[in-house]
Number of protein chains: 2
Amino acid sequence: MQTTGPDFDRVFAALGDATRRDIVRRAIAGVEGVAELADHYPMSFAAVQKHVAVLERAGLVTKQRSGRRKVVRTHVEGLRAAQRLLDRYEELWRGRIDRMTALITTTKERNK
Amino acid sequence: MQTTGPDFDRVFAALGDATRRDIVRRAIAGVEGVAELADHYPMSFAAVQKHVAVLERAGLVTKQRSGRRKVVRTHVEGLRAAQRLLDRYEELWRGRIDRMTALITTTKERNK
DNA sequence: ACGCTATACAACTGTATGGTTGTATCAATG
DNA sequence: CATTGATACAACCATACAGTTGTATAGCGT
């Protein structure tokens, strides 16, 4: 399994901030520019711009020119990469449960 | 939708470090103590202990006394909370696609 | 060309974080 | 009960990060 890979660091760290998660959510609609996003938060334009840059480096959003604006869109594949990693943990977990169940079963069998 | 809630901050931030993700993975087996975990990484015992504490605060692992050791186990519900949030983003994404598709369809209808 | 709007980026500040070493607690064992 | 092993915690350092302000670039409207 691969728990390393520089991008998981960036993806999860990027998601570890409530403002950035909210930007991801809003950017699903894919219609707002950076300034419009910034209006939703109690911080400067530059701060929001930095958050967007973090999300962009993590591959969670992309920016696309549209006139003088840059529209921010969430890049769903980035989210899916994170989901897949969590899914693999779940599989490992289920595997462990199965092994424990098997162990208990065979023990019972032996004790019959 | 709720993207806030203090725990998502902690959960995702905790997962944003490769060492901690590896600890989560190893702790699925649920047999190693802190010292045993620490042997796997090129850092001090105290550093690993801090990582475990971060994971514990995020609700991703629990520690259980076993003799003089404390066995670290991953708490799968913490992982599932993160998964569910990502799932909701996916749903929003699909909803957007559906709406776009509907828009295109009705546009075509109108142009018939 | 000029001004206005949206974005980008650099420099700075305070605080959080990852790492270290050293000391303290607690449980098993001789 | 003194020692050893496993864990916990505090103090400290270096670096990263979230926020700020200020300046620079790019595109639109007049």
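By convention in this document, chain letters (A, B, ...) are assigned in the order of the sequence lines, proteins followed by strands, and residues within each chain are numbered from 1.
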Quickly work out the [X] [atom1] to [N] [atom2] distance and round it to whole Å.
{"X": "B:Asp39", "N": "D:dT7", "atom1": "CG", "atom2": "P", "result": "10 Å"}
{"X": "B:Phe45", "N": "D:dA8", "atom1": "CZ", "atom2": "C1'", "result": "8 Å"}
{"X": "B:Arg10", "N": "C:dT17", "atom1": "CZ", "atom2": "C1'", "result": "14 Å"}
{"X": "B:Gln49", "N": "C:dG18", "atom1": "CD", "atom2": "P", "result": "14 Å"}
{"X": "A:Asp17", "N": "C:dT15", "atom1": "CG", "atom2": "P", "result": "18 Å"}
{"X": "A:Leu55", "N": "C:dA8", "atom1": "CG", "atom2": "P", "result": "13 Å"}
{"X": "A:Asp9", "N": "C:dG18", "atom1": "CG", "atom2": "P", "result": "11 Å"}
{"X": "B:Tyr41", "N": "C:dT20", "atom1": "OH", "atom2": "C1'", "result": "19 Å"}

Phosphate-side-chain proximity, [X] and [N], N/O vs OP1/OP2 below 4.0 Å:
{"X": "B:Lys50", "N": "D:dA8", "value": "no"}
{"X": "B:His51", "N": "C:dG19", "value": "yes"}
{"X": "B:Ser44", "N": "C:dG19", "value": "no"}
{"X": "B:Lys63", "N": "D:dA8", "value": "yes"}

I want to verify a distance call: between D:dA8, D:dT20, C:dT7, whose nearest atom is closest to the A:Ala46 side chain?
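Closest nucleotide among those given: D:dT20.
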Are [X] and [Y] packed together at the side-chain level, in the sense that at least one heavy-atom pair is separated by less than 4.5 angstrom?
{"X": "B:Asp39", "Y": "B:Phe45", "result": "no"}
{"X": "A:Tyr89", "Y": "B:Thr74", "result": "no"}
{"X": "B:Gln83", "Y": "A:Asp87", "result": "yes"}

Assess the residue pair B:Val76 and B:Arg80 against the criterion (side chain to side chain contact (heavy atoms under 4.5 Å, CB included)); give the C-alpha distance rounded to whole Å, side-chain angles, the decisive distance to 0.1 Å, and a yes or no.
CA-CA 6 Å; B:Val76 81; B:Arg80 290 207 180 111; 3.4 Å; yes
On DNA chain D, compare the nucleotides closest to A:Met43 and A:Arg68; which residue's is nearer the 5' end?
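It is A:Met43, whose closest nucleotide lies nearer the 5' terminus.
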A:Arg65 vs A:Ala47, nearer the 5' end of DNA chain D by closest nucleotide:
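On the 5' side of the pair lies A:Ala47.
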Single-linkage hydrophobic cluster, 4.5 Å side-chain cutoff, B:Val61 and B:Val54 together:
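They do not share one cluster, since no chain of ILVMFWY contacts under 4.5 Å joins B:Val61 to B:Val54.
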Would you indicate what A:Ala35 reaches in the nucleic acid, counting non-hydrogen atoms under 4.0 angstrom: base, sugar-phosphate, or nothing?
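Answer is sugar-phosphate: A:Ala35 comes under 4.0 Å of backbone atoms only.
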